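Note sheet for the following structure.
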Amino acid sequence: MKLISMAFSFLPLLALSLFLISINYVSTTPADTSFTCSADSPPSCQTYLTFRARSPYTALENISDLFGISRLSIAEASNLTLENEKILYDQLLLIPVTCSCNGNHYFSNVTYATKTGDSFYVVASSVFQNLTNYLAVEEMNPTLNPTNLTVGDQVIFPLSCCPKQNRDRYLITYVWQPEDEILHVSTMFNTSSYDVANENNFRNFTAAVCRPVLIPVSKLPTFPPPRHLPGSESKKSKKHQIIFIIFGTTGSFFLFVLSWFLIYRYRSRKSKRILAHNESSFEFTDLLNMKKVSKQEPLVPTKKNQDKLLPEVSGYLSKPIMYDRKEIMEATMNLSERYRIGGAVYKAMIHG
Ligand SMILES: *[C@@H]1O[C@H](CO)[C@@H](O)[C@H](O)[C@H]1NC(C)=O
Ligand SMILES: *[C@@H]1O[C@H](CO)[C@@H](O)[C@H](O)[C@H]1NC(C)=O
Ligand SMILES: *[C@@H]1O[C@H](CO)[C@@H](O)[C@H](O)[C@H]1NC(C)=O
Ligand SMILES: *[C@@H]1O[C@H](CO)[C@@H](O)[C@H](O)[C@H]1NC(C)=O
Ligand SMILES: *[C@@H]1O[C@H](CO)[C@@H](O)[C@H](O)[C@H]1NC(C)=O
Ligand SMILES: *[C@@H]1O[C@H](CO)[C@@H](O)[C@H](O)[C@H]1NC(C)=O
Ligand SMILES: *[C@@H]1O[C@H](CO)[C@@H](O)[C@H](O)[C@H]1NC(C)=O
């Protein structure tokens, strides 16, 4: 591929030297894509422009409105079905136009009503994606002031096109993109790189970035889906997958360690608790005694019993005692400070 592009980078030099040898060559301008016409050129013809579906012209109806062409003819040229007219962002479309010779250049006129913030340059470079340039627009609209347009002004945009075609050959206007390479573009149009270079007078395609060039085809191309969108998406999803895998692995590892740790702690606690339970077995009987005692003197629990009550609770933890909320509220006098022993822990007597 490098070899081929290297070969092509020499072609302009070759072409230039051939032109220099030729006695007829008088123009001093470097070889360029020619949209010129003369008196003996065909007056007008049907041809195609390429247009990328970009915001806000992403729906077929908007593109059809912009070019003043029926939706059906765009759909037919771009091999879209009208029912399923969902166009991908940046998708290349073929716009059928009538291209005419306007004295010395081939143009397809499109009338555009200016909106707020529009200038010839902005509309030519963003709305019409450099299919024309502001100088040609100024020439075409001599009555309008390029720096003071009124919203709603009808401006004629002359889009570059070329009808020089035989019955079995179209010349499609394509705006060269910064990332384009001749091999890639000719593959996209299913045409030969040589024909593309030849049709554009072996021009320097690096200098053609954001300018219209002509792509000769024998059959209307069907463009692949926009290349950078699905590509970046799959790259993104791959990236996401990798991140997901990394997080998943480390996450599950930590979960494993955590659960192992919890199980270990639970087991050691359980064994401790069994131990504690055995130790407190004598206290349990003691509590029963205490209960009897407290029934005799319900209001004044002895100091000895108070000390015993707290450790006793741990003995019951494996078998919690449930109390009614009403009972707790009554016993603590609505969680009174008097019964609080710290934080949200209260001490009170329920049923003795
Ligand atoms: C695109 O078409 C829709 C529906 O007809 C319309 O509401 C919207 O304003 C159009 N957008 C542009 C930029 O023309
Ligand atoms: C046009 O699209 C249809 C599917 O929508 C496909 O079957 C057909 O091959 C396409 N035509 C060309 C010329 O690529
Ligand atoms: C474009 O419009 C201008 C002004 O109406 C006209 O002079 C010119 O001939 C038109 N060119 C084409 C190619 O239709
Ligand atoms: C049109 O060309 C200009 C530079 O000449 C560039 O900044 C702009 O991005 C181009 N517009 C599009 C839609 O590619
Ligand atoms: C722009 O044009 C309007 C009328 O079309 C005029 O009133 C205004 O003064 C003009 N502004 C400038 C800066 O020329
Ligand atoms: C490309 O063009 C050749 C004929 O020039 C044709 O046989 C082939 O099917 C085309 N490929 C695609 C993908 O359209
Ligand atoms: C092509 O054009 C680019 C930018 O204008 C320039 O840097 C480069 O040297 C040119 N290449 C040739 C072979 O003329």
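Order of listing sets the numbers, starting from 1, for every ligand and every atom in it. The figures here come from the full heavy-atom set of this structure, side chains too, leaving out hydrogens, waters and symmetry mates. Just so it is clear, the structure is predicted and the values come from calculations on it, not from any experiment.
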N or O contact, Thr206 vs ligand 7, cut-off under 3.5 Å: no

Listed partners of Tyr48 passing ring-ring contact (aromatic ring centres under 6.0 Å, His included), at least two apart: Tyr170

Partners passing ring-ring contact (aromatic ring centres under 6.0 Å, His included) against Tyr57 (at least two apart in sequence or in another chain): none

Tyr112 and Asp118: side chain donor to acceptor below 3.5 Å: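 Note: Tyr112 and Asp118 side chains meet the donor-acceptor criterion.
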
Distance-only polar pair, side chains of Ser73 and Ser70, donor-acceptor under 3.5 Å: yes

Pair Arg169 + Glu199: basic N to acidic O under 4.0 Å: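 So Arg169 pairs with Glu199 through a salt bridge.
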
Per-atom contacts, ligand 4 versus Arg54 - under 4.0 Å to a heavy atom: 13 (C)

Derivation and outcome, ring-ring contact (aromatic ring centres under 6.0 Å, His included), residues Tyr174 and Phe189: CA-CA 10 Å; Tyr174 172 75; Phe189 282 83; 5.4 Å; yes

Derivation and outcome, ring-ring contact (aromatic ring centres under 6.0 Å, His included), residues Phe157 and Phe67: CA-CA 10 Å; Phe157 282 83; Phe67 287 94; over 10 Å; no

Put together the list of close N/O pairs, under 3.5 Å, between ligand 6 and the protein, could you?
from: ligand 6; atom 1: 2 (O); to: Asn190; atom 2: OD1; distance (Å): 3.4
from: ligand 6; atom 1: 2 (O); to: Asn190; atom 2: ND2; distance (Å): 2.3
from: ligand 6; atom 1: 11 (N); to: Asn190; atom 2: ND2; distance (Å): 2.8
from: ligand 6; atom 1: 14 (O); to: Asn190; atom 2: ND2; distance (Å): 3.3

Within residues 122-133 or reaching into it, pairs that qualify as side chain to side chain donor-acceptor pair (under 3.5 Å) - sequence neighbours excluded: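 Sorted pair list comes back empty.
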
Within-cut-off N or O pair, Ser126 and ligand 4, under 3.5 Å: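 No; every N/O pair is 3.5 Å or more apart.
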
Sub-3.5 Å N/O-N/O distance, Tyr121 and ligand 4: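 No, since none of the N or O atoms of Tyr121 sits under 3.5 Å from an N or O of ligand 4.
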
